[in-house]
2 protein chains.
Amino acid sequence: MARIKDVAAHAGVSVATVSRVLNDNPSVTEETRNRVYAAMTALNYRPNAVARSLRTEATRTLGLIIGDILNPFFTELARAVEDEARLAGYTVIIGNADERADEQDHYVRTLLERRVDGLLICPTAEVTSLIEEVARAGRPLVFLDRTLPGIEVPSVRVESAAAIGELIGHLKALGHRRIAFISGPATLSTGRERTEAFRAAMAAHGLAVPPEYLEAGDFREGSGRAGAARLLDLPEPPEVIFTGDNLMTLGALGEIRARGLRIPRDVALASFDDVPWFVHVDPAITAIAQPTAELGRAAVRMILNRVEGRPAESAALPAQLVVRTSCGETPYGGGPAAARGAGAGDPGQGDERSRS
Amino acid sequence: MARIKDVAAHAGVSVATVSRVLNDNPSVTEETRNRVYAAMTALNYRPNAVARSLRTEATRTLGLIIGDILNPFFTELARAVEDEARLAGYTVIIGNADERADEQDHYVRTLLERRVDGLLICPTAEVTSLIEEVARAGRPLVFLDRTLPGIEVPSVRVESAAAIGELIGHLKALGHRRIAFISGPATLSTGRERTEAFRAAMAAHGLAVPPEYLEAGDFREGSGRAGAARLLDLPEPPEVIFTGDNLMTLGALGEIRARGLRIPRDVALASFDDVPWFVHVDPAITAIAQPTAELGRAAVRMILNRVEGRPAESAALPAQLVVRTSCGETPYGGGPAAARGAGAGDPGQGDERSRS
DNA sequence: GTCCTCCATGTAATCGATTTCATGAGGTTA
DNA sequence: TAACCTCATGAAATCGATTACATGGAGGAC
């Protein structure tokens, strides 16, 4: 593969001049510039980003470590991060932690060795010593979606309490009283926050939460299924199962279907986290939609601020309740076709996730 | 950040010795080795992969360019590629072409500049001059899922004809005759292959395919919806809509639901490409499942063969029909709960997509 | 015509690792 | 004891770019 030296020789100039052309340095004659361009195309020259990075100490690369690549939430997040980074001229390397601290640490190490300019992490449960060290060393780092206690790192997360409160209000208005929650793991900030918000909202509405109505899940399909099974086996099963993320919803749905129960007549279902196909389940699933794409974009802006030496401030973006029909017909509306969001619209409907 | 020189000074050895320790060179005394390790931890040393790559001309990185990161098919593919690459000690950089040739070319350029050791591409429609050049230059390149005509590049793809033949047989056995197909773009090899297989299977079963029963889609949700709308508006609408990929299925489903039609009574639906939630649609959607993960793993093995100088041979992996209930009850089985795969099982059911 | 300035270009150091070749200490053998 | 070998280690070149500094020629001012 042609090197800068070859281009220089072919064009009859020095490597410095070729480098200047490469970097749009204005102090190169139009004529020389053209000769260099000609040499580049003649030799099929492609600058070696490895060499360049070694010298400039910048890779124009961001590392993104997500929790689970098969979870559509993280996929959409990755997509948004990628798009926003691309606009700024950065490439993204995605690492899939598979919700395991050791996998996460593996990627942190790999990405640091590759000298990414910034690191976006959706941290798994444990605060590993590696993460602590990286944070302490002051390397550009931003937490995404989740946070870790006791670590000083700017973060972008979702503010879920308001939407959860709205959901509980909606359920109460529909006449439901016995509401169960399949939570995410208490080791994750998102799991804790949603559980706390659920408890608080129930209390605010004067509804009791017996301990057996709080199932501890792990943001995986299997735990959603198992949690739903235990809830449905209770002497007094809940009227509503509220699940803490889209994969556990998938599991709970599977269990409900396997028992031949009808939604919402036998048991209602609501999901934290919305995915496109919820609309196509019969009945369509009431869900709390997260501002996933905005979350990713905000995180990129934040990490680039840190990379480029500007200050970065943590942010929390509001989630939004999307009322459909899986918890019963809304008393304030028409039939299934007229189901409408309690918020400014229904971001779960239609083509909003397809791009041009 | 500490460099190899600092470690050498701290341990009282030369940089060559540190490098030897780093690379597990056996000709280093146990004692020296320990001193070097101690220095490394003391200084929090992390080898600079950029510098190493410059010298060794290897990045231990693979590039993967997929068609659309929001399509679960490609996500699962990416996941498998990542896993298999990781086993071999490689990192993967994923580029999302968004089904556009210019985006694809952008990533090809970026990845070449970053000197990835090998390139896995799910090529978009056009044969761009860049792709041609890269193929001609003999750089390690493997086509994944799709192929390009007239370009000598090893590829891994899905053999769909047999499964499509089986599906048509299944539909005919259920009494359906008027079967329409919403195809992928004819510019993609997968689009062409599925359309050809559909025509051939229909002909083999003595069924006619009027031109208006062949809708040209583009593997996007919107075209599935529009195609379904046109088919349902025909004076003689089809009894079955067969869609060419999972996103178009999503669109067609949306259109069918919006019209208040019941599946399969008013119109049956079958999908090429299976995704986990098809099980939860009511009725569950009959689909042709692709060996997605195996596709990704095979592609990695192939590119690593090429990278390491071994020969690589193209492969085609068989798709499999998964019969559910969206085309009607099977005359050879029980009720919905007893729906069973025509093949060796139902890879679309249960937890097979969750990992430990 | 001389001198100074400006500016396009070139020379060479540098980034942090790997790797070839040299070196010298210690052990073996005759 | 001399000659030789083995082996751990070090010195220095190298990968392909960027960039500080040097250089020399053209043009303007006097």
Side-chain angles (χ1 to χ4, degrees), chain A residues 1-40 43-61 89 91 109-117, chain B residues 1-40 43-61 89 91 109-117:
Chain A
M1 191 164 267
R3 298 147 304 166
I4 199 172
K5 198 199 292 186
D6 304 319
V7 174
H10 193 279
V13 297
S14 73
V15 293
T17 299
V18 178
S19 176
R20 287 189 188 99
V21 172
L22 236 30
N23 293 282
D24 285 322
N25 186 318
S27 78
V28 178
T29 314
E30 172 92 18
E31 197 244 316
T32 311
R33 186 179 300 272
N34 288 336
R35 270 218 319 288
V36 171
Y37 279 140
M40 284 180 180
L43 298 176
N44 243 318
Y45 173 71
R46 305 206 176 281
N48 185 329
V50 175
R52 174 188 312 216
S53 292
L54 177 60
R55 181 58 225 247
T56 60
E57 320 228 73
T59 50
R60 293 199 83 77
T61 302
T91 302
R109 253 186 295 271
T110 304
L111 294 171
L112 286 181
E113 289 188 1
R114 282 163 196 268
R115 297 298 192 265
V116 293
D117 296 332
Chain B
M1 189 163 270
R3 300 147 302 166
I4 199 172
K5 199 198 292 185
D6 304 319
V7 175
H10 194 279
V13 298
S14 73
V15 293
T17 299
V18 178
S19 175
R20 287 189 188 101
V21 172
L22 236 30
N23 293 282
D24 284 324
N25 186 319
S27 77
V28 178
T29 312
E30 172 92 19
E31 196 246 315
T32 311
R33 185 178 300 272
N34 288 336
R35 271 218 318 289
V36 172
Y37 279 139
M40 284 180 180
L43 297 176
N44 243 319
Y45 173 71
R46 306 206 176 283
N48 185 329
V50 174
R52 172 183 310 201
S53 292
L54 177 59
R55 180 59 226 246
T56 60
E57 320 228 74
T59 51
R60 292 199 82 77
T61 302
T91 302
R109 253 186 295 270
T110 304
L111 294 171
L112 286 180
E113 289 188 3
R114 281 163 197 269
R115 297 298 192 265
V116 294
D117 296 332

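In what follows, chains are A, B, ... by sequence order, proteins preceding strands, each numbered from 1. Since this is a predicted model, take the numbers as computed values, not measurements.
Between A/N23 atom CG and D/dA20 atom P there is a gap of 12 Å when expressed in whole angstrom units. Regarding A/M1, its CE atom lies at a distance of 16 Å from the P atom of D/dC15, rounded to whole Å. C/dA17 atom C1' lies 12 Å from atom CE of B/M40, rounded to whole Å. Atom CD1 of A/I4 and atom P of C/dA12 are 17 Å apart (whole Å). Atom-to-atom, NZ of B/K5 to C1' of D/dG10 comes out at 15 Å; the value is rounded to the nearest Å. As rounded to whole Å, 13 Å separates atom C1' of D/dA17 from atom CG of A/D6. For the pair B/R114 CZ and D/dA17 C1', the interatomic distance rounds to 15 Å; values are reported in whole Å. Atom CG in B/L54 sits about 14 Å away from atom C1' in C/dT19, given to the nearest Å.
Side-chain N/O atoms of B/R3 include one lying less than 4.0 angstrom from OP1 or OP2 on C/dG16. Contact annotation: B/T32 reaches the phosphate of D/dT9 (side-chain N/O to OP1 or OP2, under 4.0 Å). Using a 4.0 Å cut-off, some side-chain N or O of B/T29 falls inside it from OP1 or OP2 of D/dT9. Under 4.0 angstrom from either OP1 or OP2 of D/dT14 there lies no side-chain N or O belonging to B/R55. Of the side-chain N and O atoms in A/T17, one or more sit less than 4.0 angstrom from OP1 or OP2 of C/dG10. Distances shorter than 4.0 Å separate none of the side-chain N or O atoms of A/N48 from OP1 or OP2 on D/dC15.
Taking 3.5 Å as the limit, the base of C/dG16 and the side chain of A/R115 contain no donor-acceptor pair of atoms between them.
Side-chain atoms of B/A51 lie closest to C/dA17 of the nucleotides C/dA17, D/dA12, D/dT18.
Within 4.0 Å of A/V13, counting heavy atoms only, lie sugar-phosphate atoms of the nucleic acid but no base atom. Among the atoms of the strands shown, base atoms are found under 4.0 Å from some heavy atom of B/S19. Here B/S27 lies in heavy-atom contact (under 4.0 Å) with a base. Within 4.0 Å (heavy atoms only), B/V18 reaches no atom of the nucleic acid at all. Using a 4.0 Å heavy-atom distance criterion, B/V28 is classed as a sugar-phosphate-only contact. Heavy atoms of A/S53 sit nowhere under 4.0 angstrom from any nucleic acid atom.
A residue-by-residue look at B/R20 and B/Y45 shows that B/Y45 has its nearest nucleotide of DNA chain C further toward the 5' end.
Contact check for A/Y45 versus A/L22: side-chain heavy atoms found under the 4.5 Å cut-off.
Salt-bridge annotation for A/E113 and A/R109: absent, with no side-chain N of the basic residue lying under 4.0 Å from a carboxylate O of the acidic one.
Looking only at atom types and distance, the side chain of A/R114 has a donor-acceptor partner in the side chain of B/T91 under 3.5 Å away.
Closest non-hydrogen pair, A/D117 versus A/R60, comes out as OD2-N, 2.6 Å.
With values rounded to the nearest 0.5 angstrom, B/L43 atom CG is found 11.5 Å from B/M1 atom CE. A distance of 12.5 Å separates CG of B/L54 from CZ of A/R55, quoted to the nearest 0.5 Å.
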